[in-house]
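To start, the structure under review is shown below, and the notes come after it.
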Amino acid sequence: MTDYTKPARVRVAPSPTGHMHLGTARTALYDYLLAKKTGGKFILRIEDTDIKRTIPGAEQEIMDGLRWLGLNYDEGPDVGGPFGPYRQTERREIYQQHAKMLVDKGHAYPCFCTPDRLEKMRQEQQKRKEAPHYDGLCRRLSPDEAARRVASGEKYVIRFKMPKEGSTTAHDVLRGDIVIENKNIDDYVILKSDGLPTYHLAAMVDDHLMQITHVFRGSEWLGTFPLHVNIVRAFGWDEPEWVHLSVFLKPSGKGKMSKREAADAIKDGHSIFIKDMQDLGFIPEGLLNWMVLMGWGVSDGDVLTLNDMIEKFDLEHLNPSPAAINFTKLDHFNGTHIRLLPDPELAARIKPYFVKAGYSVKDDVLMKLTPLVKERIVTLDDAVDMAGFFFKENVDPKPEELIAKGLTPAQSAEAARQALAVLNGVNPLTVHAAEPPMRELVEKMGLSAGQVFGILRVAVTGQKVSPPLFESMEIIGREKVLARIRKAIEMLEAMK
RNA sequence: GCCCCCAUCGUCUAGAGGCCCAGGACGGGGCCCUCUCAAGGCCCAAACUGGGGUUCGAAUCCCCAUGGGGGCACCA
């Protein structure tokens, strides 16, 4: 049982090797929730030890993404903290010292095998249908000889010396004890020939030094879990609580999310990259709600704010099985959280999308249109399609769309003329003043509201789908409304 | 090939031996509301992978099978 009264120190430790994706965000969320719930600290650590794969800007994207989501970290590369530095390439010496400690204690050894030899070795093993593994050539070197070759300047790496006998029992919070035969674990490289550590060393050292209490990481680490536990034990350190999170599967449920799937998702208005999500009009509240539920469950109400999540989150309801991504459900949560936003807040969030679409936004109009689009949009940018016409000087309806269902162009024109006559007598043109007489007119003409209002909708907004008609008219203003109806009548009359 | 993990409606999940002929949410279907589109309300269909145990009793515990996933780098 987890003690939620003890402040936890949890970290998210992404590598800056590409766009920040869903998996990182969700791990960060769980980290954040546990930290906040226990009054502990949420830490960002950048694992940039693979210099070849590091991408410029990726680190910034991670920091921006976390902040956009509202997952502010207490310690990290750009905010500092008592356990820094928080960027692994700046901790080089620390790892080298620790690797040496392991060698001195007999838990690790220098290895002089060239990448070339290793490659050939693996190929032969494959040919013999054996599992690829290090053959232990340098493990058998005497410490003296190894030291001599190191001193002579020969290139080397440091490998962890896995016990050959027995088994290792590692404890995962979600899965219980995991027992693995030691012979199945390779002598992994922990310090590379460039002097930088691999994950296996770096993460263990940092988690210890940074006093991490709970390690949330992807289940792809389960395979090397016993190795990590052995490394920690070789140092004589206490282990953190290990929490291996399930991976995300592509929407079909068949396999991990791939580049191909990611590209398809984008076409569809979705993405696994946090940065895209923002552009696509998703809001952090919706995204967070959706993410928290993939791998963790609640028995009652599932519409949750960040504060709700902090209150309800626990380790007991984390789910070890893989979860297929369901973007449709993201749409739902996004729409739901948009509707939960106060109007002024929503207005402020929608505005940039209108600006980006090239509209010059008038704030008073924006404020009036916001409540109208609120319950009709799924993403913020939907507001542009729905309500962009409010910022246009003129609209140009498609002539054929002006014709009401079941009516001829001439009949539609006649309906519009009568509507114009009624509206002409309404001043000011408000919902309250315009709707009752218009409904009377519809009845008098023996037509349906759908028919008449439909004609006016297209005439006034230029769209077949729009916010409610009279509300829209009130915002657009009497003069423009009347002018647009006149123009529509002309267009209808021109159709024979 | 070897190692590890997982297994409840199409999907995300609740369920920690009797409260379950299995609950919620998304999606789907229907109805209501309605000026379009939504939103909202009500209703319906939809699952414990299979087989063995253990037990008075199993979705819940154990074993096997099957299926799915992850890993086997001087990447993380």
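Just the heavy atoms: all of them, side chains too, but no hydrogens, waters or symmetry mates, feed the values below. Below, chains carry the letters A, B, ... as their sequence lines are ordered, and counting in each starts from 1. Just so we're clear, the structure is a prediction, and the values are computed from it rather than from any experiment.
- Across all non-hydrogen atoms, the minimal contact from Asp381(A) to Gly281(A) is OD1-CA, 4.0 Å.
- In this structure, of G71(B), A38(B), A73(B), it is G71(B) that holds the atom nearest to the side chain of Lys256(A).
- Closest non-hydrogen pair, His200(A) versus Ile231(A), comes out as O-CD1, 3.7 Å.
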Side-chain donor-acceptor contacts of residues 185-192 of chain A below 3.5 Å, not counting sequence neighbours, with atom names and distances?
residue	atom	partner	partner atom	Å
Asp186(A)	OD1	Tyr134(A)	N	2.9
Asp186(A)	OD2	Tyr134(A)	N	3.0
Asp187(A)	OD1	Arg139(A)	NH1	3.1
Asp187(A)	OD1	Met162(A)	N	3.0
Asp187(A)	OD2	Tyr109(A)	OH	2.6
Asp187(A)	OD2	Arg139(A)	NH1	3.0
Lys192(A)	NZ	Thr49(A)	O	2.8

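- Ring pair Phe216(A)/Phe313(A) is tilted by interplanar angle, where 30° to 60° counts as tilted.
- Neither OP1 nor OP2 of A76(B) sits under 4.0 Å from any side-chain N or O of Arg53(A).
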CA sep, side-chain torsions, deciding dist, call: Tyr30(A), Trp296(A), ring pair (Phe, Tyr, Trp, His ring centres under 6.0 Å) | CA-CA 9 Å; Tyr30(A) 291 162; Trp296(A) 177 76; 7.3 Å; no
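- Rounded to an integer number of Å, the gap from CG of Asn334(A) to P of A38(B) is 17 Å.
- Of the C1' atoms belonging to A25(B) and G15(B), the separation is 15 Å, rounded to the nearest Å.
- Pairing partner, C31(B): G41(B), with both Watson-Crick or wobble hydrogen-bond distances short of 3.5 Å.
- Contact check, Ser219(A) against C4(B): no side-chain N or O comes under 4.0 Å of OP1 or OP2.
- The interatomic distance linking Leu118(A) (CG) with C74(B) (P) rounds to 6 Å, in whole Å.
- Under the Watson-Crick and G-U wobble criteria, each requiring two contacts below 3.5 Å, nucleotide A7(B) is paired to U66(B).
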How does protein contact run along nucleotides 9-15 of chain B, one letter per nucleotide 5' to 3', with B for base contact, S for sugar-phosphate only, - for none, heavy atoms under 4.0 Å?
-> --BBSSS
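- OP1 or OP2 of C6(B) has not a single side-chain nitrogen or oxygen of Arg175(A) nearer than 4.0 Å.
- If you take atom P in C31(B) and the same atom in U36(B), they sit 16 Å apart, rounded to whole Å.
- When the P atom is compared between U11(B) and C5(B), the two are found 24 Å apart, to the nearest whole Å.
- Only one option out of Arg87(A), Arg45(A), Glu90(A) pairs with Pro77(A) in a side chain to side chain contact (heavy atoms under 4.5 Å, CB included); it is Arg87(A).
- Taking atom P on both nucleotides, A65(B) is separated from C2(B) by 13 Å, rounded to a whole Å.
- Applying the ring pair (Phe, Tyr, Trp, His ring centres under 6.0 Å) rule to His21(A) yields no partners; only residues at least two apart in sequence or on another chain are considered.
- Out of C4(B), C35(B), A25(B), the shortest distance to the side chain of Asp302(A) is found at A25(B).
- Between the CG atom of Asp172(A) and the P atom of G70(B) there is a distance of 18 Å, given to the nearest Å.
- A cation-pi contact links Arg149(A) to Phe112(A), judged by a cut-off of 6.0 Å to the six-membered ring centre and 45° from its axis.
- Of the candidate nucleotides C74(B), A38(B), C3(B), A38(B) has the atom nearest to the side chain of Arg376(A).
- Where Thr198(A) and Ile180(A) meet RNA chain B, the nucleotide closest to each residue was compared, and Ile180(A) sits on the side nearer the 5' end.
- Closest heavy-atom contact between Ala170(A) and Val229(A): CB-CG2, 3.7 Å.
- On the P atoms, A58(B) is 11 Å away from G18(B), given to the nearest whole Å.
- Nucleotide G57(B) has no partner under the Watson-Crick or G-U criteria, as no pair reaches both atom distances under 3.5 Å.
- Phosphate contact (OP1/OP2 of C75(B), side-chain N/O of Lys192(A), threshold under 4.0 Å): present.
- The shortest non-hydrogen separation linking His214(A) to Val10(A) is O-CG1, 3.3 Å.
- At distances below 3.5 Å, not a single donor-acceptor pair connects side-chain atoms of Glu130(A) with backbone N or O atoms of Arg122(A).
- Distance Glu375(A) CD to C37(B) P: 14 Å, rounded to the nearest Å.
- Residues that satisfy the ring pair (Phe, Tyr, Trp, His ring centres under 6.0 Å) test with His270(A), not counting sequence neighbours, are Phe282(A), Phe327(A).
- The side chain of Val247(A) lies closest to G69(B), out of G69(B), C35(B), C74(B).
- Between the P atom of C37(B) and the NZ atom of Lys464(A) lies a distance of 10 Å, rounded to the nearest Å.
- With distances taken from any side-chain atom of His332(A) to the nucleotides A76(B), C26(B), A73(B), the minimum falls on C26(B).
- Checked by atom type, the side-chain pair His244(A)/Arg217(A) shows a donor-acceptor distance below 3.5 Å.
- In this structure, CE of Met162(A) is placed 12 Å from C1' of C3(B), rounded to the nearest angstrom.
- Comparing C4(B) with U60(B), their P atoms sit 24 Å apart, to the nearest whole Å.
- When rounded to the nearest whole Å, the span between CZ of Phe327(A) and C1' of G27(B) equals 15 Å.
- Remark: C1' of C6(B) and CG of Leu245(A) are 14 Å apart, rounded to the nearest angstrom.
- Figure legend. C72(B) is base-paired to G1(B); pairs are counted as Watson-Crick or G-U wobble with both atom distances under 3.5 Å.
- Remark: the separation of the C1' atoms in G23(B) and A46(B) is 14 Å, to the nearest Å.
- For the pair Arg339(A) and G40(B), the criterion of a side-chain N or O lying under 4.0 Å from OP1 or OP2 is met.
- The minimum heavy-atom distance linking Gly18(A) with Ala58(A) is given by the pair O-CB, 3.7 Å.
- Across residues 199-209 of chain A, Tyr199(A) each have a non-hydrogen atom less than 4.0 Å from an atom of RNA chain B (numbered order).
- Across all strands shown, nothing is found opposite A22(B) as a Watson-Crick or G-U wobble partner with both distances under 3.5 Å.
- Residues Cys111(A) and Arg439(A) each lie close to RNA chain B; by heavy-atom proximity, the contact nearer the 5' end of the strand is made by Arg439(A).
- Contacts of residues 451-458 of chain A with RNA chain B (heavy atom under 4.0 Å): Phe453(A), Arg457(A).
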